[in-house]
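In what follows, every chain begins at residue 1, and chains take the letters A, B, ... in the order their sequences are listed. Atoms considered below: every heavy atom in the structure, side chains included; atoms not considered: hydrogens, waters and symmetry mates.
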There are 2 protein chains.
Amino acid sequence: MSERTNRRELIVDAAAALFKEQGYTATSIRQIADQVGCTEAALYYHFKDGKRALLQAVLEDHAPSLMAILQGCEAAESLHELIICIGKNLSRAVNKENLDNFRWILAEFPRMSAEERAAVHSKHLEFEQLLAVQVERFVEDSALARKIAWTMVCAGFGFGQLFFNLEMDKLVDFTPKDLTEVMAMALPAVINMC
Amino acid sequence: MSERTNRRELIVDAAAALFKEQGYTATSIRQIADQVGCTEAALYYHFKDGKRALLQAVLEDHAPSLMAILQGCEAAESLHELIICIGKNLSRAVNKENLDNFRWILAEFPRMSAEERAAVHSKHLEFEQLLAVQVERFVEDSALARKIAWTMVCAGFGFGQLFFNLEMDKLVDFTPKDLTEVMAMALPAVINMC
DNA sequence: GTCTATAGTAAGATAGAC
DNA sequence: GTCTATCTTACTATAGAC
């Protein structure tokens with residue numbers, strides 16, 4: 001992990017935190033400057049195009065990290081084991097930092113430029129392709145493997161949004177472990193059916 | 001469907017549209033007034049507590065409608081048929097209106113009051129309970145039935161967010177039909193395992 | 001109920017001194 | 001590089017006439 005101690009980086013980090021907490025439009029240049037301990041003018045020195053340039057820097061530096069989900073999954077020896085492994089990682093990945101990232105990107109997406117959207121897309125595609133590679137080890141039909149991979153991604157993503165960002169975990173007893181168990185029991189059955 | 005032609009209702013509808021398009025903080029009272037064709041002062045006559053009161057009115061009147069997802073599902077005669085039925089409804093429910101609603105609620109949730117959050121929660125719980133009733137027709141273990149129901153909800157929700165709101169549908173060929181197929185093949189297998 | 005007019009505040013952005 | 005000072009614009013909200 002880099003140190004990020006020079007002013008430009010401090011500005012990006014402060015902006016990222018505020019954008020994710022309050023949203024892009026709700027956050028003012030002044031607020032970011034206060035947080036960093038400098039003036040608005042100093043901020044405009046580092047980001048000549050103002051707030052929009054700051055948003056782009058945040059999108060580049062603070063994209064949600066998905067790769068941790070796949071850690072250690074190469075060791076799995078069946079689709080069932082693979083899902084259990086991903087489930088364990090998911091429990092760790094479902095945390096404030098990561099899910100605030102997702103919620104924020106989802107919220108700002110409609111107002112992003114084509115380039116900004118493309119950056120978001122490539123991050124997700126990259127992850128799904130790595131996941132698909134793992135699934136393909138156990139599913140010969142590669143089209144089916146990709147469908148299974150995307151189903152897993154949808155379920156995991158939906159779980160994070162509903163139970164963490166919408167705080168359904170406070171009302172309903174349904175954990176990442178439960179989701180994983182259902183998926184681990186269910187998905188391997190698909191292989192034998194085709 | 002009610003007519004919603006009096007000024008107060010026109011204001012709420014205009015506010016809802018703008019909030020969902022731009023976000024709450026990014027939308028100004030002035031913009032809403034312009035859209036309706038009145039002045040800001042008129043708006044403050046109807047909503048004495050200003051912008052925040054408007055937000056609450058929008059949350060009450062424009063909650064996303066989930067019930068359409070369950071339409072006709074009482075006719076299903078197996079878990080497989082139930083999932084197929086829901087999948088068909090899902091294809092119709094995955095539209096701009098509905099998903100903009102979800103994205104917006106997700107985005108504003110952290111800034112909602114306790115009462116506002118409770119309103120969001122009860123909508124979701126209500127839906128899940130009706131879904132669980134349907135699933136329980138085919139799954140004796142009611143704890144397992146609820147896990148299956150929530151897994152379906154997570155997958156459906158995640159699909160809507162990823163493929164519609166994040167526009168992954170423009171890059172990846174994975175349709176509501178694909179998701180439904182995988183779930184319909186996979187989930188019934190869980191029953192035989194317990 | 002709806003208007004005009006305006007108060008008071010905060011926003012994004014820049015010029016120029018150091 | 002960072003500051004002070006300032007411009008312009010937009011915002012929420014209210015008072016008072018009609």
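At a threshold of 4.5 Å between non-hydrogen side-chain atoms, the residues A:D169 and A:T175 do not count as touching.
Looking at A:Q56 and A:E115, their side chains never bring a donor and an acceptor atom within 3.5 Å of each other.
Rounded to an integer number of Å, the gap from B:L54 CG to D:dT12 C1' is 12 Å. For B:Q22 and D:dC11, the CD to C1' distance is 14 Å, given to the nearest whole Å. With rounding to whole Å, B:I32 atom CD1 is found 17 Å from D:dA10 atom P. The distance from atom CG of A:L10 to atom C1' of D:dG1 is 14 Å, rounded to the nearest whole Å. Spacing between atom CZ of B:F47 and atom P of D:dT12 amounts to 15 Å, rounded to whole angstrom units.
Atom CD of A:E74 has more than 12 neighbouring heavy atoms from other residues, nucleotides or ligands inside a 6.0 Å radius.
For C:dT2, the OP1/OP2 oxygens have no side-chain nitrogen or oxygen of B:T39 closer than 4.0 Å. Within the 4.0 Å cut-off from OP1 or OP2 of D:dG1, not a single side-chain nitrogen or oxygen of A:R7 is found. OP1 or OP2 of C:dA11 has at least one side-chain nitrogen or oxygen of A:S28 nearer than 4.0 Å. Contact annotation: B:Y45 reaches the phosphate of C:dG1 (side-chain N/O to OP1 or OP2, under 4.0 Å).
Heavy atoms of B:T27 sit under 4.0 angstrom from primed sugar atoms or phosphate atoms, though from no base atom.
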Per-nt protein contacts along nucleotides 13-18 of chain C (heavy atom under 4.0 Å; B base, S backbone sugar-phosphate only, - none) come out as BBB---

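In this structure, A:Y44 has no ring-ring contact (aromatic ring centres under 6.0 Å, His included) partners at least two apart in sequence or on a different chain.
In summary, of the residues considered (A:L90, A:I83, A:L79), a side chain to side chain contact (heavy atoms under 4.5 Å, CB included) with A:M183 occurs for A:I83 alone.
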With a cut-off of 3.5 Å and sequence neighbours excluded, list every side-chain donor-acceptor pair involving residues 158-167 of chain B.
from: B:Q161; atom 1: OE1; to: B:N165; atom 2: ND2; distance (Å): 3.1
from: B:N165; atom 1: ND2; to: B:L99; atom 2: O; distance (Å): 3.1
from: B:E167; atom 1: OE1; to: A:R117; atom 2: NH1; distance (Å): 3.2
from: B:E167; atom 1: OE1; to: B:K170; atom 2: NZ; distance (Å): 3.4
from: B:E167; atom 1: OE2; to: A:R117; atom 2: NH1; distance (Å): 3.2

